[in-house]
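Beneath this line is the structure, given in structure tokens, with notes to follow.
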Amino acid sequence: MKALSTTGGVVMNKLTLTIFGGTGDLTYRKLLPAMYNLYIKNQLPKKFLITPIGRRDYTDTDYQSVIEPWISEFAQVKVKDEQLQAFFEHIHYFRMDFTAQSQYQLLDQYYEAHPSENHVVYYAVAPDFFEGITDGVSTMENMHEPKIVLEKPFGASLELAKFLSKKLETLFGSDHIYRIDHYLGKEMVRNILTIRDANLLFKNVWNKDNIDHVQISALEEVGVETRGNYYDHAGALKDMVQNHLLQIMSIVAVDDPTGNMNEQQLAVLKQLCSVDKLKIQDTLLLGQYDGYRHELHVDPASTTETFAGLKLFIDNERWQGVPFYIRTGKKMARREIEVKITFKRQREDVDPNVLVIKIQPTEGVYLEFNIKTPGEDSITKAQMDFCQNCNLIFKLNTPEAYERMLHACMIGDNSWFTKWEMIEYSWEYIDALKLMYSDANLPVYTYPQGSVEPKELSQLYHKDFEQWN
């Protein structure tokens, strides 16, 4: 491996990324393309090593032939063969059964021969394997103070997640645990704070006196595809709401957009209206798309929700009485992630001002306001629509979410990674809501594939608006 040795001996790598799950979809589709982006943008040190770990009997050449089409398809930058081959010199596939503790000695010997100043270890595997990998890595003498990156779900249950979190923090230190939520790496999620703080137009009206309600949508056109084993045990609430969407909600609602984000977001979550004060039929609605039970690895009698609609309140001075509507679903009419802020009406006879922050697939900002109808005395709506990723330069200069999060981890910036206390609180809150829903014998409604929403969802929001846009 040319990048790892010289005539005089072994070179100390400035960075090493070890990927458990090196032959998985996440590695192929997200991690390696993101690392290629960073490489082309000169955001990696000259001496770095990527070690994907898997059980398959691949040579480096075999592995390169497997990952080449994935990088070519999913890298943000244009892939050129000469640059790709130079990138491949930094990748060394390591065959290993990471469920066998004895094999970590072999990995330790490998890193004795290829030392590094900065170890990043990515758990790109199911949570069932987290504890075994943690035990193995903790015994390695040549992986000094590794940064551990975890993908959700962070455990099969809250109790197991608590146990694992405590173990990780005991073995590696809390500052070395990076619980990744790639939504926090999305450009327009981060832009929420800037839009609010850098514009007097919004900064002084971001409160209950001026905002009528907030809508947060995360819709998918696809179904569960090959994720039936995982999804049928998780459902929409755990897969999307308790992490991604509560994160977005807490970012929208922070009291000080320039303050410590972990502390600010946790404060918002702790100020959610107590579950025991809620009427569950006015708070939560669950649905399942028609045909879900016939999907691969799904229980034919499953009651798992593929759609969740919520109406939540934050009990603090800024947001008292303002409903936050959250919806997420699979097999919907369109793919969309956005935050919609509807302001209070200036007068009953005019439409409210609306601000929409578009996160995916369109990235941008939409503003709706009132003007005089030309040539008449009536009032009509006007729109300003800024599409950020329609601009080629903006698109090329905008880091992909995993690219941004990986780079932050490498340089030790954990400000946009989720702390355990936030995960724990969100998990407990959503578990309590789901238990209340079950205890109330409320149904999981069936909805047709390609729906805008289950028709029953209107019972949660009919007082505030006629329908979701």
Side-chain angles (χ1 to χ4, degrees), residues 3 14-17 19 21-46 48-52 63-91 120 122 124 149 151-152 178 180-195 218 220-222 225 244 247-248 335-338 357-365 386-411 413 415-417:
K14 296 291 185 181
L15 167 71
T16 294
L17 172 63
I19 305 174
T23 57
D25 187 72
L26 175 64
T27 300
Y28 293 160
R29 190 183 298 268
K30 295 293 185 181
L31 303 184
L32 291 179
M35 290 297 288
Y36 182 77
N37 292 340
L38 291 170
Y39 174 71
I40 295 302
K41 295 176 182 179
N42 295 315
Q43 293 185 15
L44 297 177
K46 290 184 178 180
F48 72 93
L49 171 65
I50 301 173
T51 304
Y63 190 74
Q64 289 169 14
S65 66
V66 171
I67 64 176
E68 183 171 356
W70 291 91
I71 295 175
S72 295
E73 180 177 356
F74 291 104
Q76 183 187 41
V77 298
K78 183 176 177 60
V79 175
K80 299 179 180 179
D81 186 65
E82 183 177 347
Q83 292 173 322
L84 184 61
Q85 295 307 313
F87 178 66
F88 282 162
E89 291 185 4
H90 296 270
I91 300 177
V120 176
Y122 206 112
V149 187
E151 278 279 340
K152 77 165 182 73
Y178 292 73
I180 191 169
D181 183 342
H182 70 277
Y183 271 52
L184 298 185
K186 293 183 180 295
E187 180 71 13
M188 293 309 297
V189 171
R190 294 189 171 210
N191 220 334
I192 291 170
L193 299 175
T194 302
I195 290 168
E220 299 176 85
E221 294 176 323
V222 299
E225 299 183 306
H244 301 322
Q247 288 272 11
I248 292 176
R335 175 174 173 243
E336 168 189 283
I337 304 174
E338 69 174 32
I357 300 168
K358 301 178 181 181
I359 299 170
Q360 190 178 297
T362 302
E363 298 175 4
V365 182
F386 167 66
C387 176
Q388 178 169 279
N389 61 341
C390 296
N391 183 304
L392 181 60
I393 298 300
F394 286 164
K395 184 175 181 179
L396 292 175
N397 288 337
T398 301
E400 193 270 342
Y402 275 94
E403 176 186 337
R404 183 184 307 231
M405 300 303 276
L406 280 169
H407 186 259
C409 181
M410 292 168 190
I411 64 175
D413 177 8
S415 60
W416 282 86
F417 289 83

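Contact of the Leu17 side chain with the Leu49 side chain is not registered, since no non-hydrogen atoms from C-beta on lie closer than 4.5 Å. Side-chain contact between Met35 and Glu403 is absent, with no heavy-atom pair separated by less than 4.5 Å. For the pair Ile67 and Thr27, the minimum side-chain heavy-atom distance is 4.5 Å or more.
Expressed to the nearest 0.5 Å, how far CD of Glu336 lies from CD of Glu221 amounts to 10.5 Å. Atoms CD and CD1, from Gln360 and Ile337 in turn, are 4.0 Å apart once rounded to the nearest 0.5 Å. In this structure, Glu151 CD and Asp181 CG are separated by 9.0 Å, a value rounded to the nearest 0.5 Å.
Comment: Glu73 does not engage Arg29 in a salt bridge, judged by the lack of any side-chain N to carboxylate O separation of less than 4.0 angstrom. Salt bridge annotation for Glu187-Arg404: present, with a cationic side-chain nitrogen under 4.0 angstrom from a carboxylate oxygen. Using a 4.0 Å cut-off between charged nitrogen and carboxylate oxygen, Lys30 and Glu400 count as a salt-bridge pair.
Within the 3.5 Å criterion, the main-chain N or O of Ala75 finds no donor-acceptor partner in the side chain of Asn37.
In this pair, Phe48 and Phe87 present their aromatic rings tilted. The plane angle is within the 30 to 60° band. Taking the six-membered ring where the residue is Trp, Tyr63 and Tyr28 present tilted rings, their angle falling between 30° and 60°.
Defined by atom type and a distance below 3.5 Å, a donor-acceptor pair is present between the side-chain atoms of Lys41 and Gln76. No donor-acceptor contact under 3.5 angstrom links the side chains of Gln83 and Tyr39, judged on distance only.
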Trace of the side chain to side chain contact (heavy atoms under 4.5 Å, CB included) decision for Leu26 with Leu31 = CA-CA 6 Å; Leu26 175 64; Leu31 303 184; 4.1 Å; yes

